[in-house]
Visitor: 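Sending over a structure as structure tokens; questions will come in a sec.
As the structure is a computational prediction, the values presented were derived from the model and not from experiment. First listed ligand is number 1; within each ligand, the first listed atom is number 1. Along the sequence shown, residues are numbered consecutively beginning with 1.
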Amino acid sequence: MEHKAKILIIEDEAPIRKLLQIALEAHDCQVLMAQNAREGRIMAATHQPDLVLLDLGLPDTDGQVLLQEIRDWYLKPIIILSARDEEAEIIRALDNGANDYLTKPFRTGELLARIRSALRLSAVDTGGKNLFETAHLSVDLAARTVRFREEPLKLTSTEYALLVLFIKNKGKVLTHQQILREVWGPGYVDHTEYPRVFVGQLRKKIEENPNEPRLILTESGIGYRFAG
Ligand code: CA
């Protein structure tokens, strides 16, 4: 990883915390650790980590609830690490604002690849001083700010990366595979539920009427096209 990324681990199982700490420190990350939701909430707010690794089975608050709480104000990547592997639980976490989801037991190499991918997204470089504007939406690609109906709009790093990908490919059909490869990385082409979930979230934020999208159009069975 290019710079020393500050990563917060919220996990109640000490052996897993230790394993993660060793792996991350070996890859030049600065590691912060919380063993319950209460500590995690405080540390996320006070230390401004570059990324959060969050376990769902925490002793004091369910990880899904903590995820919703911190997602309100923490816009950087959150990766879920959980023994829960049901699709409904994964979709719920993505809906609640997680950037990614890894089930336990996990391979350290895969976790590191996902962390790199999430951090890369978080730092999407759009180059140039580009301003994208429609009647209701304004995206300043240089300042990385988005306004909707004149008001500042908060997007998570994944939502922002997805929006930038659409803007850069305005008018073109992007397949699910292309979106997965560009936004999440080459290792993600099988996560076909990700574009659907994240496009749904983005539509809720940038469409006049999310049920009748005018900006992000569905190309049935293929992918999406940004009409802009
Ligand atoms: Ca746990």
Side-chain angles (χ1 to χ4, degrees), residues 1 4-122 156-159 180 183-185 187-188 190-194 196-198 200-201:
M1 285 159 216
K4 200 152 186 160
K6 202 195 289 180
I7 297 181
L8 170 62
I9 302 165
I10 308 176
E11 163 70 71
D12 61 321
E13 286 169 72
I16 297 182
R17 273 204 310 275
K18 193 71 200 162
L19 175 85
L20 291 169
Q21 182 190 15
I22 291 167
L24 290 169
E25 286 180 350
H27 287 80
D28 212 25
C29 296
Q30 185 190 339
V31 175
L32 302 163
M33 291 187 283
Q35 48 188 321
N36 54 44
R38 188 184 55 80
E39 277 182 17
R41 192 184 293 117
I42 294 168
M43 292 181 86
T46 53
H47 294 277
Q48 295 292 317
D50 296 305
L51 184 143
V52 172
L53 288 177
L54 174 63
D55 175 31
L56 292 182
L58 294 171
D60 49 350
T61 307
D62 187 83
Q64 294 273 18
V65 175
L66 179 65
L67 172 62
Q68 283 177 306
E69 278 176 29
I70 62 178
R71 195 34 113 193
D72 271 351
W73 45 264
Y74 180 76
L75 296 176
K76 292 187 177 165
I78 301 174
I79 298 180
I80 303 296
L81 273 180
S82 179
R84 303 178 193 168
D85 62 355
E86 307 85 32
E87 194 186 359
E89 194 77 37
I90 296 171
I91 301 277
R92 192 173 152 221
L94 297 176
D95 274 336
N96 285 338
N99 295 63
D100 201 356
Y101 196 109
L102 206 56
T103 51
K104 293 175 183 169
F106 55 88
R107 284 175 299 134
T108 314
E110 182 169 16
L111 174 67
L112 290 167
R114 302 240 187 155
I115 289 173
R116 272 194 296 273
S117 165
L119 290 173
R120 179 175 57 79
L121 272 186
S122 177
T156 66
S157 54
T158 305
E159 290 164 354
L180 284 164
V183 174
W184 282 270
Y188 284 77
D190 295 331
H191 289 257
T192 47
E193 75 282 14
Y194 279 27
R196 178 168 47 84
V197 171
F198 284 90
Q201 287 172 11

Visitor: Not counting sequence neighbours, which residues clear ring-ring contact (aromatic ring centres under 6.0 Å, His included) with His191? List them please.
Guide: Tyr188, Tyr194
Visitor: Taking 3.0 Å as the upper limit, name the protein N, O or S atoms near the Ca ion (ligand 1).
Guide: Asp12 OD1, Asp55 OD2, Gly57 O
Visitor: Any side-chain donor-acceptor pair under 3.5 Å between Glu89 and Gln64?
Guide: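 Short answer, yes.
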Visitor: Please evaluate residues Lys104 and Glu11 with respect to the criterion salt bridge (Lys or Arg N to Asp or Glu O under 4.0 Å), reporting the C-alpha separation (whole Å), side-chain torsions for both, the decisive distance (0.1 Å), and the verdict.
Guide: CA-CA 12 Å; Lys104 293 175 183 169; Glu11 163 70 71; 2.8 Å; yes
Visitor: Report the residues that fulfil salt bridge (Lys or Arg N to Asp or Glu O under 4.0 Å) with Glu110, sequence neighbours left out, ordered by chain and then residue number.
Guide: Arg107, Arg114
Visitor: Is the shortest heavy-atom distance from the side chain of Tyr74 to the side chain of Arg41 under 4.5 Å?
Guide: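 Heavy-atom side-chain distance check fails, nothing below 4.5 Å.
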Visitor: Considering residues at least two apart in sequence or located in another chain, which fulfil the side-chain contact (heavy atoms from CB on, under 4.5 Å) criterion with Asn36?
Guide: Arg38, Glu39, Pro59, Asp60
